[in-house]
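Working notes for the structure below.
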Amino acid sequence: MSVLLFALAAALPTLAGDFDGDGKADQARLEPRGGAHVLVVERGAAPGKPETITLVADAAGFFIAAQPPGTYPTTCAKDVGAPCAADEPRKVELKTPALSFGTEEASLAVAVWTGERFAVTWLND
């Protein structure tokens, strides 16, 4: 059983990068938790204190990547689904690469470090 768990853990996506802009290496990874998965980031500035980004119900087709700097319209700005709420951004501007994640050919979100936590914004749904 432990060999199977190791094989499954090895197959889950991981990505190294500086996702909080502090110049230290961070590690993003998908971890099994309670019958589902969670996307976590272990910040180089806070080792041993992983930040939970989002719950992932189905890991099939899930990806983690680095989103290049640039300005991106959000899902609601593209008139996809509900219109943007008053407090919902119509675009996100990335000055440095950010952590992006989603399901291949279905969804895309970015997690941007605010100085206190990672804020998730959906770019495509």
Side-chain angles (χ1 to χ4, degrees):
M1 180 70 157
S2 62
V3 173
L4 177 60
L5 290 175
F6 179 75
L8 288 173
L12 295 174
T14 63
L15 181 68
D18 181 11
F19 305 121
D20 58 6
D22 66 357
K24 297 179 182 176
D26 306 316
Q27 180 74 33
R29 64 184 175 272
L30 197 60
E31 295 181 348
R33 191 177 297 167
H37 294 82
V38 291
L39 175 59
V40 299
V41 173
E42 181 105 18
R43 296 177 49 238
K49 297 179 183 177
E51 300 273 338
T52 299
I53 308 300
T54 191
L55 175 68
V56 179
D58 184 2
F62 189 83
F63 70 88
I64 305 170
Q67 187 74 19
T71 302
Y72 299 92
T74 63
T75 299
C76 70
K78 297 175 187 175
D79 294 325
V80 176
C84 293
D87 63 343
E88 194 172 7
R90 298 187 60 75
K91 65 181 177 180
V92 61
E93 185 174 342
L94 305 177
K95 296 186 186 306
T96 61
L99 176 65
S100 63
F101 62 91
T103 304
E104 293 176 15
E105 298 186 25
S107 63
L108 173 66
V110 291
V112 179
W113 182 248
T114 67
E116 296 178 6
R117 65 179 184 83
F118 285 96
V120 174
T121 302
W122 288 94
L123 303 181
N124 193 11
D125 187 26

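When reading the values below, keep in mind they use all heavy atoms of this one structure, side chains included, and skip hydrogens, waters and symmetry mates.
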Side chain to side chain contact (heavy atoms under 4.5 Å, CB included) partner of R29, the single match among V38, L39, V40, L12 =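 In the set V38, L39, V40, L12, the residue that makes a side chain to side chain contact (heavy atoms under 4.5 Å, CB included) with R29 is V40.
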Could you list the residues that satisfy side chain to side chain donor-acceptor pair (under 3.5 Å) with E51, not counting sequence neighbours?
->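 Partners of E51 under the side chain to side chain donor-acceptor pair (under 3.5 Å) test: none.
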Contacts of type side chain to side chain donor-acceptor pair (under 3.5 Å), residue D20, not counting sequence neighbours =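 Residues passing side chain to side chain donor-acceptor pair (under 3.5 Å) with D20: R43.
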Minimum heavy-atom separation for [X] to [Y], with atom names?
X: V120; Y: W122; answer: CG1-NE1, 4.0 Å
X: F118; Y: A111; answer: CD2-O, 3.8 Å
X: T114; Y: A119; answer: CG2-CB, 3.8 Å

Inter- and intrachain pairs under disulfide bond (SG atoms under 2.5 Å apart), touching residues 19-67, at least two apart =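 Applying disulfide bond (SG atoms under 2.5 Å apart) to every pair that reaches into residues 19-67, excluding sequence neighbours, yields nothing.
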Could you name each residue pair satisfying disulfide bond (SG atoms under 2.5 Å apart) that touches residues 78-125, not counting sequence neighbours?
->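 Applying disulfide bond (SG atoms under 2.5 Å apart) to every pair that reaches into residues 78-125, excluding sequence neighbours, yields C76-C84.
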If you round to the nearest 0.5 Å, how far is CG of D22 from CH2 of W113?
->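 Those atoms lie 9.0 Å apart.
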Counting heavy atoms not belonging to K91, are there more than 12 under 6.0 Å from its NZ?
->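 Incorrect, the count does not exceed 12.
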Taking only residues two or more places apart in sequence, or in another chain, which ones meet [X] in a salt bridge (Lys or Arg N to Asp or Glu O under 4.0 Å)?
X: R33; result: E31
X: K95; result: E93
X: E88; result: none

Please go through V110's hydrophobic cluster and name the other residues, only I, L, V, M, F, W, Y counting, with side-chain heavy atoms under 4.5 Å joining them.
->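 Answer for V110: F63, Y72, V92, L94, L108, V112, L123.
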Heavy-atom check, side chain of T14 versus side chain of I64, under 4.5 Å =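 No, side chains not in contact.
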When the side chains of residues 96-107 are checked against the rest of the protein, which donor-acceptor pairs come out under 3.5 Å, sequence neighbours left out?
unit_1, atom_1, unit_2, atom_2, d
S100, OG, A65, O, 3.2
S107, OG, T103, N, 3.1

All ring pair (Phe, Tyr, Trp, His ring centres under 6.0 Å) counterparts of F62, not counting sequence neighbours =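 Result, ring pair (Phe, Tyr, Trp, His ring centres under 6.0 Å) vs F62: none returned.
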Can you list the residues that meet the side chain to side chain contact (heavy atoms under 4.5 Å, CB included) rule with A25, with sequence neighbours excluded?
->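 Expected list: none.
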Contacts of P47 that satisfy side chain to side chain contact (heavy atoms under 4.5 Å, CB included) - sequence neighbours left out =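 Listed in chain order: E42.
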